[in-house]
Amino acid sequence: MILTSLDIDADMFLQGTGWALKPQGACKGEVCVPLLNSSDGDSADVDIVSIAERLGMGLVKDERVDVWALGPESTITGRSLTTAVAPELELPQLNGTLFRLDSLLGQKTVLVAWASWCGCREDLRLWRELRDELHPSGVEVVTVALDTGGAEAARPWIEKAAPSHPALIDRTHILGARFGVTNVPNAMWVDEQGVIVRPAEPAWLENPHESSEVAAQSLDEMPADHRAVRSEIAKMRIDYALYPAMVRDWAAHGATSRYVLDPDQVIERSQPRSANESLAAAHFELGEYFHRQGDHGASIDHWRAAHRLQPTNWTYKRQAWNLEEPDSVRTVEAYGSGWLDDVRALGAESYFPPLRP
């Protein structure tokens, strides 16, 4: 949440963080955390500093322009989800019209995170096909582009896929703060009551390298960078047939599907979130803020901090690298890191954790 002042009211705090201030404390879903100075929800003053400390929200100030960023909570469960109740989400579609996730209550929803800088952009047509197949069974798909470049970065891929489902733009990577998305493609399931029944996890529909134009090339024919990337990808344990089979089972069996998790399992399987990872989210949002203001140098400073604080958040890294050197997998000078370097250092096997049915 970007703040130009620490003086905000409870409604702004709710809109920016998903936490409501009530007499019993700060509340999200069924979870309420007592505060020393609880608000009745009507107060014009929110003690940002003390609430941030109580909820483990990273608070970062940029002294150059007196702007703050408030990261998501980290101390309640130690995970990216505090509750399995789906957080509020309102994002623009390609034409700028705002779309609310809760408008889909009464339907099963698969919320899909992708990006223009990911090979998963080619999966959009497959999500359209899967949605059209399962929509009569009460399933809706919502694709969300995590793109600091906004609608213009995502537009070519959305228009190519011609989706029949909502296609949203998330230029501030709010899916990371609200749902714990740290790589793409990822997807989450939200049931008819607005409860998450599967948290963010890898969600491939096909192997992009088998379906791409380079698939017919032998390794010897490929440029060295492509060979190196393919070598690392081969180490990743991805079952491309599993995720669509899971979605079809949910469509057929609903709450009795063997892939539906209970709320405690959903929270436990969501991404870990420490104080450093909340700070990383705040720095990333400040970087996006400065990029939007035309001060890209300041963006780099904050994005480097986000990478240092949460080195396994690939959406932060890939977004920043792509804005400097689109499609490069080698070391990006501004960050002193790059896809190949970091995948090799952190282990290709952990890049896309194996899908846990």
Side-chain angles (χ1 to χ4, degrees), residues 1-77 80-83 85-92 98-102 148 150 168-180 273-295 298-299 301-303 305-306 309:
M1 179 182 185
I2 293 294
L3 304 168
T4 55
S5 167
L6 294 183
D7 296 324
I8 66 171
D9 62 26
D11 287 340
M12 291 176 62
F13 187 75
L14 172 61
Q15 185 177 17
T17 67
W19 285 89
L21 300 182
K22 301 180 179 180
Q24 58 267 47
C27 301
K28 176 186 278 190
E30 76 284 4
V31 176
C32 284
V33 179
L35 302 174
L36 290 178
N37 297 305
S38 292
S39 166
D40 62 4
D42 297 322
S43 172
D45 298 314
V46 174
D47 186 348
I48 289 291
V49 175
S50 65
I51 292 177
E53 182 177 358
R54 182 71 179 89
L55 299 181
M57 294 174 159
L59 183 62
V60 178
K61 182 181 181 182
D62 190 288
E63 302 288 350
R64 289 167 287 197
V65 292
D66 283 344
V67 170
W68 293 259
L70 184 66
E73 71 273 10
S74 66
T75 58
I76 313 306
T77 62
S80 57
L81 292 179
T82 295
T83 170
V85 176
E88 292 186 11
L89 184 70
E90 184 177 65
L91 289 170
L98 292 176
F99 182 90
R100 291 181 59 93
L101 180 62
D102 60 13
T148 295
L168 313 182
I169 312 297
D170 179 8
R171 67 179 306 163
T172 62
H173 292 220
I174 195 172
L175 286 191
R178 297 281 174 96
F179 290 88
R273 179 179 288 151
S274 66
N276 275 351
E277 286 157 347
S278 180
L279 283 169
H283 275 290
F284 183 85
E285 191 167 6
L286 273 174
E288 194 281 330
Y289 169 83
F290 282 108
H291 180 79
R292 189 159 22 97
Q293 299 299 315
D295 188 351
S299 294
D301 292 342
H302 286 290
W303 285 339
L309 289 161

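Along the sequence shown, the residues carry numbers beginning at 1. Computation of the quantities below employed the complete heavy-atom set of this structure, encompassing side-chain atoms and omitting hydrogens, waters and symmetry-equivalent molecules.
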Output the distance between atom OH (Y289) and atom NE2 (H302), rounded to the nearest 0.5 Å.
10.5 Å

Starting at CG of D11, measure out to CG of L21 and round the result to the nearest 0.5 Å.
9.5 Å

Check side-chain contact (heavy atoms from CB on, under 4.5 Å) between L279 and all other residues, then give those that pass, not counting sequence neighbours.
V60, N276, L309

For the CG atom of L101 and the CD atom of E88, what is their distance to the nearest 0.5 Å?
10.0 Å

Counterpart residues, side-chain contact (heavy atoms from CB on, under 4.5 Å), relative to Q15 (two or more places apart)
none

Would the number of heavy atoms belonging to other residues, nucleotides or ligands and lying under 6.0 Å from CD of E90 be above 12?
yes

With no hydrogens and no angle check, is any side-chain donor or acceptor of R54 less than 3.5 Å from a backbone partner on P34?
yes

How close do S274 and S74 get, heavy atom to heavy atom, and via which atoms?
O-CB, 3.5 Å

Is there any salt bridge (Lys or Arg N to Asp or Glu O under 4.0 Å) pair reaching into residues 281-291, and which pairs are they, with sequence neighbours excluded?
R171-E288, E288-R292

To the nearest 0.5 Å, tell me how far W68 CH2 sits from I2 CD1.
11.5 Å

Electrostatic pair D170-R178, nearest N-O below 4.0 angstrom
no

Taking atom NZ of K28 and atom CG of L55, what is their separation to the nearest 0.5 Å?
9.0 Å

Look at the rings of F284 and H173 and say which category their plane angle falls in: under 30° parallel, 30 to 60° tilted, over 60° perpendicular.
tilted

Closest heavy-atom contact between A69 and A282?
CB-O, 3.3 Å

Check whether D62 reaches the backbone of L286 with its side chain - one donor and one acceptor, N or O, closer than 3.5 Å.
no

Please give me the minimum heavy-atom distance between L14 and A20, naming the atom from each residue.
CD1-N, 3.8 Å

Under a 3.5 Å distance rule, please check whether R273 uses its side chain to pair with a backbone N or O of S278 as donor and acceptor.
no

Compare every heavy atom of T82 with every heavy atom of E73, then report the nearest pair and how far apart it is.
OE2-OG1, 2.8 Å

Residues L175, L89; criterion side-chain contact (heavy atoms from CB on, under 4.5 Å); working and verdict
CA-CA 9 Å; L175 286 191; L89 184 70; 3.9 Å; yes

Shortest non-hydrogen pair, A10 vs V46, comes out as N-CG2, 3.5 Å

Euclidean distance, E53 CD relative to D47 CG, rounded to 0.5 Å:
9.5 Å

Should F13 and I51 count as side-chain neighbours, where that means a heavy-atom distance under 4.5 Å?
yes

T77 side-chain N/O to T83 backbone N/O, donor-acceptor pair under 3.5 Å
no

Side chains of M1 and I48 in contact at under 4.5 Å (non-hydrogen atoms)
no

Please report the closest heavy-atom contact between S299 and F290, naming both atoms and the distance.
OG-C, 3.3 Å

As a quick check of understanding, evaluate side-chain contact (heavy atoms from CB on, under 4.5 Å) for R64 and D301, giving each step before the final call.
CA-CA 12 Å; R64 289 167 287 197; D301 292 342; 3.3 Å; yes

